[in-house]
Amino acid sequence: MGNGDKPAQPPETRESISVAGSTTVLPIAQLTADLFMDTNPKTEIQVSGGGSSVGIQAVGGGTADIGMASRDLKDPEKTKFPDLVSHVVARDGIALIVHPSNTVGPLTIAEVKAIYKGETVNWNKVGGPDETIVVVGRDSASGTREFFHDAVMEKEDFVATQLEKNSNGAVQQTVAQTPGAIGYVGLGYLDRSVKTVPIEVNGTPVEPSVATVTGGEYPIARSLNMFTDGEPTGVAQEYLEFILSPDGQRIVEEEGFVPVQ
Amino acid sequence: MTENDAIITARHLDLYYGEHHALKGIEVGFARHRVTALIGPSGCGKSTLLRCLNRMNDLVEHVRIEGEVLFDGTDIYAPEVDVVEIRKRIGMVFQRPNPFPRSIYENVAYGPRVHGMRDRSTLDAVVEKSLRDAALWDEVKDRLDAPAFSLSGGQQQRLCIARTLAVEPEVILMDEPCSALDPIATAKIEGLIEALKTRYTVIIVTHNMQQAARVSDFTGFMYLGELVEFGETPQVFEAPREELTERYITGRFG
Amino acid sequence: MTENDAIITARHLDLYYGEHHALKGIEVGFARHRVTALIGPSGCGKSTLLRCLNRMNDLVEHVRIEGEVLFDGTDIYAPEVDVVEIRKRIGMVFQRPNPFPRSIYENVAYGPRVHGMRDRSTLDAVVEKSLRDAALWDEVKDRLDAPAFSLSGGQQQRLCIARTLAVEPEVILMDEPCSALDPIATAKIEGLIEALKTRYTVIIVTHNMQQAARVSDFTGFMYLGELVEFGETPQVFEAPREELTERYITGRFG
Amino acid sequence: MTETHQPRRAGLRNLKEQGVRAIWFLAASFATLTVFFILLFLLNNALPLFATVSPIEFLTGGTWNPTGAVPSYGIWPLIVGTLLVTLGAMVIAVPLGIGSAVCLAELAPPRVKAVAKPAIELLAGIPSVVYGFFGLIVLTDWLRIAFDVPSGESWLAGSILLGVMALPTIISVSEDALRSVPSSYREGSLALGATRWETISRVLVPAALSGITAAVILGMGRAIGETMAVIMVTGNAAIIPDPITNLLSPIRTLTGTLGIEMGEVAVGSTHYHALFGVAVVLLFITLAVNLAALWIMKTIRAGEGTAKKRRGLSLRPVREKISRAVALVPRPLSRTTVQHLAFALLWAAVGVVIAVLAVILGYIIVNGLPAISWEFLTQPPRDLGRAGGIFPAIVGTLYLVGGAILIALPIGIGAAVYLSEYTRGGRVTAAIRTGIDLLNGTPSIVFGLFGFAFLVIFLNFGVSLIAGMITLGLMILPTIIRTTEEALRNVPASVREGSLALGATRWQTISRVVLPPAVPGILTGTILSIGRAAGETAPILFTAAVFSTRFLPDSLSDPVMALPYHLYILATTVPGAETQQYGTALVLLVLVVGIYAAAIALRHRSEKKIQW
Ligand SMILES: Nc1ncnc2c1ncn2[C@@H]1O[C@H](COP(=O)(O)OP(=O)(O)OP(=O)(O)O)[C@@H](O)[C@H]1O
Ligand SMILES: Nc1ncnc2c1ncn2[C@@H]1O[C@H](COP(=O)(O)OP(=O)(O)OP(=O)(O)O)[C@@H](O)[C@H]1O
Ligand SMILES: [Mg+2]
Ligand SMILES: [Mg+2]
Ligand SMILES: O=P([O-])([O-])[O-]
């Protein structure tokens, strides 16, 4: 890609930025980018997945303008890319889901932990049907898993037999077709094919929803980040401002995430 | 020759490869315990006729055969006939030696094994006898386990003959068995044919008229799918009835 | 024959395929504008010797050549020699016809084109002349654009000869050019060789002693890598000096 | 006669000849250098791991949990998982594959064969995401219900899927091997009064054994290296089945681990380096399989009798055993009954294979057709792909594949020309050949990883068209080399000799009489490569693919959308896009299968046209 091929470009060059990273944040980025481009026809925003680490690596290494991550920076990343600036664009409640046919009631965090540790192996131990529990989780590099590992597992190990999926969608798909399964996904992945399990907090069941996360009642929620290398400028800045604007946050909410403004 | 002497008789035999009429109304009887040679220019149908006699042409696509081939009085193309049995009783040796990629021993033992012979010492005996009959025993008796490909071309061809003898056929068909061989190997095979005819009926296709004259008792001359002339070898070569035969034999052809 | 008449002379020529000593101290001169035949049993080294004469053996792995082959007085194995040029001047016709998968015209035009001839009308003339010289023109003049494979075997072999003539070689080597052909086609090629020798030197390898006797002026008999006997054809066939030759020629061999 | 030597012209000509040869030599060496470079690069990236974890611990540790409170990096379960899944796949694919091959080569009437063989080869054209997608939604569910287990995501699911994916390779290569057994063997056996089954089992199969072994090992290579399908159906639990024969246990493979975790891991972390360690181990396993294959084939060929010397270690007993096993003849049955039984089994094998093909294709077509519309084919996606179309993905795929071909074709043809025309032996050639074989056996995810670490990060290309093209180009290079070499080899030596004997130079001979008739063969190879490149996800996962763009890329440094990646994302990340998933799968299938069909048709035509 030499610099000599400028004349080949059309005169009204589009201004283009790229956004890469976490697949959890991707829907927000993509949908806001679509709307942003509709109102700013001379801009192009390319959104790609790859995962939180790819996003951080890309923005730090300069191959992307914005990196998305569903987690915070890790220590090696902080030392490698000290200039990264974080922008929280949304919050994400993590819902526990089961097969629609499952009759289990609300669970406490401790019960969930016991299931994921492999201590509880049958649904009838927690008030459900007599059925073996199929534990479905995320892969070991996932931000969602890391958060779940902190917030629910208190850093204890998952049961070795858990099925590991590398995306929210795959978890949802598996739970939807496996009667004994339990899984965790972001609020955006809830639909009729799976059933949410309310979390019992101090004796009261709390359904995962935008309202309960905003209100602070639902206990398993995290922030979703976009990173820039230094303070954003130009289209990147306009785009980030757009996400945080009411229009942008409406999309956040429509996609099942929790607005931050 | 009356039909009674004939071990194989073809009657009104027509063969088509798709549209191509390759054998035209062949009428012939092959004499028992005699050597019959089929000669004729390339493409005249010699191989085709030979392959009709043990139903090797069954393997060819789009082939259509009309007429009868009687073997000891039974039509080998009749529906109830067991073609495997026919091929066992009418053996075949091909133009290029085609031993299996195995040892010398296994090549000869293959046929008997297939026909159910299991006992090792019986097999050993059959292998030895067949190799002796094919005049190969002395050359290979010390290396029966060597791969067949390690033999020279002429030896391989005799191995193929031994392999055929091992299943004790009544008739042996040979399709230009010497054309890939040098004169010395050829002479060996010709001697062998001479020796075989006391116990077997041999039908041999050859390009080489000297060879036909040397080895055969009867000769058939084919041309464009027809059997132009058939008779005792001296008569065909010395006093051919047909002009075509004469012109071919004297090389004044075409 | 003195060395002056010889267009190609081999001196102390030894050839090894790896360990195998395939040519042993060959001394021979091939007479200009004459036909020389090489005969001998299979594997005696006829093809090997022939392929030495235009360095076709260069293509074979692990081959080692000692001695000299003089062509018009220059050693063709000398380091500074241009082998491409040698092959242009010493053409070769192979055992099986090997036309290129192109039209008849293109087959003949191939050599001249490779050697830089571009002009269409000159090419046309060369193609016609070569095909005429190969006695093929009348049979193909109306379908020069037809694929070479549509010709019969004998025609293909004449096409290969025409292709060789088109580059105007001085010597033509032929390695059993008729062994894949029927007698009629063979007779045509033999006639052609007769005609060629007024302008070319022809060296032909053959299995067929009658053929050697018919077409050649000189005959060499090879055995186990040695040139056992070399002389004028009538002498070699009627009064061979060596007993080995006599036994081979009379078929009492081995 | 005057001396006609023209030293100057000859000198120039020689210089040109040498130059041409040198270029092709470089092309041929490229493949080998690439393998070593990939290996070194991966090793180099894996080394920092061993500051934290000892190699022994890494290889034999029983727990893979890099993000645990106490991270552990034991890949033993992953190695076991990889081997078990592959083994299972072979147990399924080998009998079916060889049975089908024998049936197609020996039993099927020409008309059946004309339909069945291409149909089976089309199985190879189905992209692995499509298999994975089918496996995830249909196969695992079916297994769960059929075996009444909590979850169908298991070793068995992985093995079935990989077995099916390995079938086309096994069938196609075995059938070729059987077909190239000289028909004189067949005739020789039948003329001795052997039945067709006896001929097949005792003469033809043993004679084709080295080719059949090659087929099995190639199939095995495909199974070991497969990523996307495995990720979707094996459950990915990093455990060793308990008991080890528990086919319904979930399992995790080396490739799966890379595919799942590479994108999410922090670059430079121990986990990152551990994944490179996984890649190195994976590469070594495939190298070992390939080398073993080469060795076995050599030994078998040597034992076949054409070779001059017998080796110390011979496979003969094995071969005898195999041929005896094939000829398992319970004596009481008559020869005809045995033949009927055997033929019935062979036909059943073909039937099963065709049925599997029909089910997969049918399922995707039936569910995908409703999504197909003009808009779907010509518009960019909207609403995360839940609306709009997939036009940029179609174009992106074509760009990627086009670029890959432009990179691989000249190098591939050059390498093949060098190998088949300029050399016949020697150490350098052997090294080059081994390099190509190894490159051929390299799992696509390893290319992806290499592309990511080297092109995207090290050379800082970023996720871009060019990175994807190079990665895919490397991946298809061996296919192009092999098919081209094969095509060149089918040109009879007599044609070369004919040309040389007319005084043509080597390069004139190659360019004028050897290459032209080889063109159909080269085209077939190219088209097969296009099909492969178009359907691959793993190599572009981290190197080139973007989830969504409205515009087509206008420079090589732009990322692109690509159909397999789009399907993968729709299937795993976007809720509520089922119709579009099937639609994308169908378009991808039609594209790849269309390309394969073209290759098959081309081969058929050229087979008819050129007869030597
Ligand atoms: N399988 C086949 N399909 C179509 N035509 C065939 C087939 N085999 C032979 N023919 C044709 O049938 C005719 C007779 O062929 P055949 O092989 O019997 O001749 P031949 O006398 O043995 O010749 P040759 O001396 O060359 O072996 C030839 O015209 C040949 O082209
Ligand atoms: N490329 C080769 N490598 C090794 N040995 C060879 C090679 N070509 C020929 N030979 C051996 O060299 C000897 C002479 O072979 P050559 O082909 O010259 O014999 P020939 O007289 O032409 O035989 P034929 O009449 O069968 O063609 C034979 O023993 C042969 O096996
Ligand atoms: Mg014939
Ligand atoms: Mg020879
Ligand atoms: O947000 P994740 O996809 O990294 O879990």
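Here is the naming used below: chain letters follow the sequence lines, and residue numbers restart at 1 for every chain. The basis for the numbers below is simple: all heavy atoms, side chains too, and nothing from hydrogens, waters or symmetry mates.
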Applying side chain to side chain contact (heavy atoms under 4.5 Å, CB included), run through A/Q57 and D/V456 and close with a yes or a no. CA-CA 10 Å; A/Q57 172 67 31; D/V456 175; over 6 Å; no
With side chain to side chain contact (heavy atoms under 4.5 Å, CB included) as the test, would you mind laying out the steps for D/T67 and A/E146 before giving the verdict? CA-CA 7 Å; D/T67 49; A/E146 196 176 329; 5.6 Å; no
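Interface summary for chain A: among D/M561, D/R382, D/R386, the most heavy-atom pairs under 4.5 angstrom belong to D/R386. Comparing A/G180, A/A160, A/G143, A/A69 by heavy-atom pairs within less than 4.5 Å of chain D, the highest count is held by A/A160. Chain D forms more heavy-atom pairs under 4.5 Å with one residue of A/E156, A/M37, A/K80 than with any other, namely A/M37. Looking only at heavy-atom pairs under 4.5 Å with chain D, the residue among A/L26, A/D75, A/V135 that has the most is A/L26. The residue among A/I133, A/L31, A/T178 with the most heavy atom pairs within less than 4.5 Å of chain D is A/L31.
Shown here for D/S151 and A/V134, the closest heavy-atom pair between the two residues is CB-CG1, 3.8 Å. Here the closest heavy-atom approach between residue D/E153 and residue A/L163 is recorded as OE1-CD1, 3.8 Å. Closest approach of D/D141 to A/Q177, counting heavy atoms only: OD1-O, 3.1 Å. Taking both residues in full, the closest heavy atoms of A/T132 and D/P150 are given as CB-CG, 3.7 Å, listed atom of the first, atom of the second, then distance.
Using a 4.5 Å cut-off between heavy atoms, A/D34 touches chain D through backbone and side chain atoms alike. Looking at A/Q162, the atoms closer than 4.5 Å to chain D (heavy atoms on both sides) all sit in the backbone: N, CA, C or O. Proximity to chain A (any heavy atom under 4.5 Å) is shown, for D/D383, by both the backbone and the side chain. Looking at D/I251, there are no atoms closer than 4.5 Å to chain A (heavy atoms on both sides), in backbone or side chain. Proximity to chain D (any heavy atom under 4.5 Å) is shown, for A/E131, by neither the backbone nor the side chain.
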Can I get a per-line list of side-chain donor-acceptor pairs under 3.5 Å for residues 68-77 of chain D, giving both atom names and the distance, sequence neighbours left out?
none

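Side-chain atoms of A/N166 do not come within 3.5 Å of backbone N or O of D/I260 as any donor-acceptor pair.
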